[in-house]
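Residue numbers start from 1 in every chain, and the chains themselves are labelled A, B, ... in the order their sequence lines are given, proteins ahead of strands.
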There are 2 protein chains.
Amino acid sequence: MIVTRWLDDDEQRAWRAFLTASQLVQEELDRQLQRDSGMPHAYYAVLVKLSEAPDRMLRMSELAAEVNSSQSRLSHAVARLEERGWVRRERCAADKRVSWAVLTDEGFAALAAAAPGHVEAVRQSFFDLLDPEQLHRLTEICAVLLKRTAP
Amino acid sequence: MIVTRWLDDDEQRAWRAFLTASQLVQEELDRQLQRDSGMPHAYYAVLVKLSEAPDRMLRMSELAAEVNSSQSRLSHAVARLEERGWVRRERCAADKRVSWAVLTDEGFAALAAAAPGHVEAVRQSFFDLLDPEQLHRLTEICAVLLKRTAP
DNA sequence: ACAGCTTACTTGAACTCTCAAGTATCTGGA
DNA sequence: TCCAGATACTTGAGAGTTCAAGTAAGCTGT
């Protein structure tokens, strides 16, 4: 039988602070993007990754990995983005299972329109609150949280 | 005209690390709870807060504030929890607009059953990865992110 | 060459969340 | 008193996410 190692008070506080802070920041940015640009943050992330890719295109599976999404989620998301004309799908000739997601000019324009407001929001709810020392440490800590190889 | 203060490379890294780390941790725990206990993390949080409240009951609006949720979201959530018999609603006699959410014995039992596995998961994806120094700093930083009064 | 596994992606249904609108109740001032 | 506005909560519709299952195409070993 395994005895649960419950969280002590300090751990409780630490955990709830992390959870609440990250929720708060994410919700705030999601709301800002939805309100000002009519897209959730997940869609914004897709557009960003595509815009940074060579020829503004990526395989669906690569794109999913880049934006930290399941294939299913991405597939639905790209379907919506396609409806808006912001992304286009292209079947790969070499391997017909693969499809490429391609950022259209309209998609790039939508991203360009959304970006300034979003960056400003990120500054307000994140960077402007932290000094360089804190920022550096937070980055390190987050890197640690990410490093452990998923099971 | 306002000139956008774009993020420099360090800022990009910091921001993406924070976003990715917090998403990863949250998704992991959400998945764990859903898989092992059939509830999303948001519902678990509701049960926890109720279990800690005097008489295991809270007004809907207080509960919403405690779990960082909109009233609408909480109302839907409590409706689902009520269907499962984990929470019960009681109209307040003094102010009939108010309703109390009350944790039932079944709800408490469900929480008790879910907690050990969840705590273990939190250890694995959070505490076990950080040393005490990092934990302390992270808590401070998250407190800063939370402190700014929402507009 | 071809049966069976793997890979890449899609689909559908169930569920949660959001936003806006709706209901009921209370409160403060004319 | 009474009504206009505030408060507490609910409801419904639309959208995104998840999970499991489904399709299609490539690979592998015999």
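Scanning residues 53-67 of chain B for heavy-atom distances under 4.0 Å to DNA chain D yields B/Arg59, B/Met60, B/Ser61. Residues of residues 16-24 of chain A that place a heavy atom closer than 4.0 Å to DNA chain C do not occur.
Note on residues 37-58 of chain B: pairs passing salt bridge (Lys or Arg N to Asp or Glu O under 4.0 Å), not counting sequence neighbours, are A/Arg16-B/Glu52, B/Lys49-B/Glu66. Among pairs with a residue in residues 104-114 of chain A, those fulfilling side chain to side chain donor-acceptor pair (under 3.5 Å) read A/Thr104-A/Glu106, at least two apart in sequence or across chains. Among residues at least two apart or in separate chains, side chain to side chain donor-acceptor pair (under 3.5 Å) pairs with a member in residues 126-143 of chain A are A/Glu133-A/Arg137, A/His136-A/Glu140. Residue pairs that meet the side chain to side chain donor-acceptor pair (under 3.5 Å) test with at least one member in residues 36-45 of chain B, sequence neighbours left out, are B/Gln32-B/Asp36.
Nearest heavy atoms, B/Ala64 versus B/Ser70: CB-O, 4.3 Å.
By the side-chain hydrogen bond (donor to acceptor under 3.5 Å, both in side chains) test, A/Glu90 is found to be paired with A/Arg88, residues two or more places apart in sequence or in another chain being considered. Looking at residues two or more places apart in sequence or on another chain, you find a side-chain hydrogen bond (donor to acceptor under 3.5 Å, both in side chains) between B/Arg89 and B/Glu82.
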Heavy-atom contacts, protein to nucleotides 15-22 of chain D, under 4.0 Å, summarised as B (base), S (sugar-phosphate only) or - (none) per nt, yield -SSBB---
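Where the helix from C/dA1-D/dT30 to C/dA30-D/dT1 starts and where it ends, the local axes point in directions that differ by 0°; five pairs per end, rounded to 10°.
Taking side-chain N and O atoms only, B/Gln71 has a distance below 4.0 Å to OP1 or OP2 of D/dC9.
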Could you pull out all donor-acceptor pairs under 3.5 Å where a side-chain atom in residues 91-100 of chain B meets a protein atom, sequence neighbours excluded?
residue : atom : partner : partner atom : Å
B/Arg91 : NH2  : B/Lys96 : O            : 3.0
B/Asp95 : OD1  : B/Arg97 : N            : 3.0
B/Asp95 : OD1  : B/Arg97 : NE           : 3.1
B/Asp95 : OD2  : B/Arg97 : NH2          : 2.8

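If you take NE2 of B/His41 and C1' of C/dC15, they are 18 Å apart, rounded to a whole angstrom.
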Could you list all N or O pairs between the protein and nucleotides 24-29 of chain D that sit under 3.5 Å apart?
residue : atom : partner : partner atom : Å
D/dG26  : OP1  : A/Lys96 : N            : 3.2

